[in-house]
Amino acid sequence: MACKLPAQLATPGKLHHHCQFTITSAFIPLSWRRTLSPEPLLSLSTSFPSGKCHGKQLVTCSAIGTAEATGAVNLGPGTPVRPTSILVVGATGTLGRQIVRRALDEGYDVRCLVRPRPAPADFLRDWGATVVNADLSKPETIPATMVGVHTVIDCATGRPEEPIKTVDWEGKVALIQCAKAMGIQKYVFYSIHNCDKHPEVPLMEIKYCTEKFLQDSGLTHVIIRLCGFMQGLIGQYAVPILEEKSVWGTDAPTRIAYMDTQDIARLTLVALRNEKINGKLLTFAGPRAWTTQEVITLCERLAGQDANVTTVPVSVLRFTRQLTRFFEWTNDVADRLAFSEVLTSDVVFSVPMAETYSLLGVEQKDIITLEKYLQDYFTNILKKLKDLKAQSKQSDFYI
């Protein structure tokens, strides 16, 4: 029997790079170059802050900003801020809210930067965090949110309906520049695993260049690359199976080592307290890498019912991506399809974690597996559905 469940938020060719950076002060232009494959599948152009990105051609992007442009000023020496004072950017997101919750539980003074919105983020206040409104696409709103902050944890990403570069490039450049000008003492940035290997994908290209921008900004920083969120599988597979709706998959053998965002939050705060981690690039991956079909099979077993699987060949994604490039208004759709194409290619999104566990002083046995995560979800949701069904029968009896 089909049942209606609450909607859940779904989440997450090798080329050679040549990057050149120019920084003459902490708040002056940084520009980079990357040499891409000389044989484009399709000629395209995507605008960046101070230049253009020509797919498969020489790319030149510049991030140019001034203190006046962002409304920030270099405060210099002043009243020390507590190391426990943190600003979480993107605090309402799948990962951001877990960072907030975990930091509060560990005694941090948490401030959350969220966009002005019709539905206030009251749950963050209820947890004990301070909420401040700002918008990364409006740099003048950022500096005030950083007053009295020691560490910025950047979990933000653009919304699906927004051009990728608006938040994930222009917004991040402004955020990093403001952090430098405001004297932020540590900056944590989340990136994507293998982003340096896929310059043909705009989102991954931007993540990689943001990494380089942060590394050359002079800020004390930690960069964490992620493979995939377990939480995203709920809306993508678990809910549709329970509701007897179509589950979309591909015929590609991609394997992804999904990780629970609660574990990501816990490891992030461990890294935050470890001065030996400063300046490092870490990659967090779950205990095992899974194909789409393996995830679907696991969900079917735990749900006790078969999935209605609709398979989309990778060749269709490639054709659709090329087709959308012919129309300017579909460029952002094509950019996201490019990311989908990578996620459905013969790629493994995983890394060995033994060295990272040792560096952070954690045990692998403390990291939740996908089997355990989904088992807990299905056990809880099926129990609730059973209780609702029992209550419905009881109501029918009294009526």
Side-chain angles (χ1 to χ4, degrees), residues 77-113 124 127-132 145-156 172 175-176 178-180 182-193 210-211 214-215 217-227 229-231 257 259-287 351-368:
T79 304
V81 296
R82 297 188 304 276
T84 54
S85 174
I86 66 175
L87 174 69
V88 179
V89 184
T92 60
T94 304
L95 175 59
R97 63 184 62 198
Q98 297 299 341
I99 297 290
V100 172
R101 192 63 181 265
R102 183 77 191 192
L104 288 168
D105 289 346
E106 294 192 10
Y108 284 85
D109 178 13
V110 182
R111 186 181 305 174
C112 303
L113 188 158
L124 297 173
W127 290 351
T130 301
V131 176
V132 292
T145 68
M146 296 185 178
V147 175
V149 168
H150 180 279
T151 298
V152 171
I153 301 180
D154 178 9
C155 313
K172 295 308 179 76
L175 188 66
I176 292 168
C178 283
K180 180 65 178 178
M182 297 294 290
I184 295 300
Q185 297 179 49
K186 188 174 292 189
Y187 192 107
V188 179
F189 174 66
Y190 292 101
S191 188
I192 301 173
H193 178 50
T210 306
E211 290 180 3
L214 177 59
Q215 288 167 346
S217 69
L219 283 165
T220 299
H221 64 274
V222 178
I223 296 171
I224 301 173
R225 291 182 177 179
L226 304 174
C227 297
F229 299 158
M230 291 182 184
Q231 280 72 7
M259 198 170 192
D260 185 357
T261 53
Q262 293 187 25
D263 282 334
I264 295 173
R266 180 167 62 88
L267 296 186
T268 296
L269 291 171
V270 171
L272 199 61
R273 293 188 294 269
N274 188 341
E275 296 299 319
K276 295 180 181 179
I277 305 294
N278 291 346
K280 290 189 177 295
L281 190 157
L282 306 176
T283 299
F284 290 171
V351 293
M353 286 289 290
E355 184 177 344
T356 301
Y357 290 146
S358 176
L359 185 63
L360 297 177
V362 300
E363 300 287 338
Q364 180 175 346
K365 64 181 177 62
D366 296 327
I367 304 299
I368 192 169

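Keep in mind that this is a model prediction, so the values were computed, not measured.
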Practice task
Evaluate the side chain to side chain contact (heavy atoms under 4.5 Å, CB included) criterion for residues R111 and V88: first the C-alpha distance (whole Å), next the side-chain angles of each, then the deciding distance (0.1 Å), finally the verdict.
Solution key: CA-CA 6 Å; R111 186 181 305 174; V88 179; over 6 Å; no
Practice task
Check step by step if salt bridge (Lys or Arg N to Asp or Glu O under 4.0 Å) holds for D263 and R266.
Solution key: CA-CA 5 Å; D263 282 334; R266 180 167 62 88; 3.6 Å; yes
Exercise for the section: Test E106 against R273 for salt bridge (Lys or Arg N to Asp or Glu O under 4.0 Å), laying out the working first. Expected result: CA-CA 11 Å; E106 294 192 10; R273 293 188 294 269; 2.5 Å; yes
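Under the 3.5 Å distance criterion, the side-chain polar atoms of R97 are left unmatched by any main-chain donor or acceptor of A91. Judged purely by atom type and a 3.5 angstrom limit, K186 has no side-chain atom pairing as donor or acceptor with the backbone of V152. With K172 contributing its side chain and F189 its backbone, the two residues share no donor-acceptor pair below 3.5 Å. Counting only distance, with no hydrogens or angles, the side chain of R82 and the backbone of D109 share no donor-acceptor pair below 3.5 Å. Remark: side-chain polar atoms of Q185 are not paired, donor with acceptor, to backbone N or O of T220 under 3.5 angstrom.
Exactly one residue among V149, V81, T151 makes a side chain to side chain contact (heavy atoms under 4.5 Å, CB included) with I184. That residue is V149. Shown are V100, L124, T92; of these, the side chain to side chain contact (heavy atoms under 4.5 Å, CB included) with V131 is made only by L124. If you run side chain to side chain contact (heavy atoms under 4.5 Å, CB included) between I99 and each of I153, V110, L104, only I153 comes through.
For the residue pair S85 and Y108, no side-chain donor N or O sits within less than 3.5 Å of a side-chain acceptor on the partner. Judged purely by distance below 3.5 Å, without hydrogens or angles, the side chains of E211 and S191 pair a donor atom with an acceptor atom. In summary, the side chains of D154 and Y187 do present a donor paired with an acceptor at a separation below 3.5 Å, with no hydrogens or angles considered.
Put simply, the side chain of M353 does not reach to within 4.5 Å of the side chain of I367, judged on heavy atoms. You'll find the side chain of V89 reaches within 4.5 Å of the side chain of L87, heavy atoms only. Side-chain contact between R101 and W127: present, with at least one pair of heavy atoms (C-beta onward) separated by less than 4.5 Å. C178 places a side-chain heavy atom less than 4.5 Å from the side chain of M146. You'll find the side chain of R225 stays beyond 4.5 Å of the side chain of L282, heavy atoms only. When side chains are defined from C-beta on, M182 counts as touching V147, because their heavy atoms get closer than 4.5 Å. For the pair T283 and T356, the minimum side-chain heavy-atom distance is 4.5 Å or more. Within the 4.5 Å cutoff, no side-chain heavy atoms of Q262 are placed close to those of R102.
Atoms CG and OG1, from L95 and T268 in turn, are 6.5 Å apart once rounded to the nearest 0.5 Å. To the nearest 0.5 Å, atom CZ of residue F284 and atom OH of residue Y357 are 9.5 Å apart. The CD atom of Q364 lies 12.5 Å from the OG atom of S358; values are rounded to the nearest 0.5 Å. Separation of atoms CD1 (I264) and CE (M230) is listed at 9.0 Å; rounding is to 0.5 Å. Distance check: N278 CG to L219 CG gives 11.5 Å after rounding to the nearest 0.5 Å. Going from atom CG of D366 over to atom CG of L267 covers 9.5 Å, rounded to the nearest 0.5 Å.
Residues K276 and N274 approach most closely at N-OD1, 2.9 Å, considering heavy atoms. Minimum interatomic distance between Q98 and T261 (heavy atoms only, all atoms of both residues): CG-OG1, 3.2 Å. S217 and I176 get closest at one heavy-atom pair: CB-CG2, 3.9 Å. Here the closest heavy-atom approach between residue C155 and residue G90 is recorded as CB-O, 4.1 Å. Nearest heavy-atom pair, L113 versus T145, reported as atom, atom and distance to 0.1 Å: CD1-OG1, 3.5 Å. When every heavy atom of L360 is checked against every heavy atom of V270, the shortest pair comes out as O-CG1, 3.2 Å.
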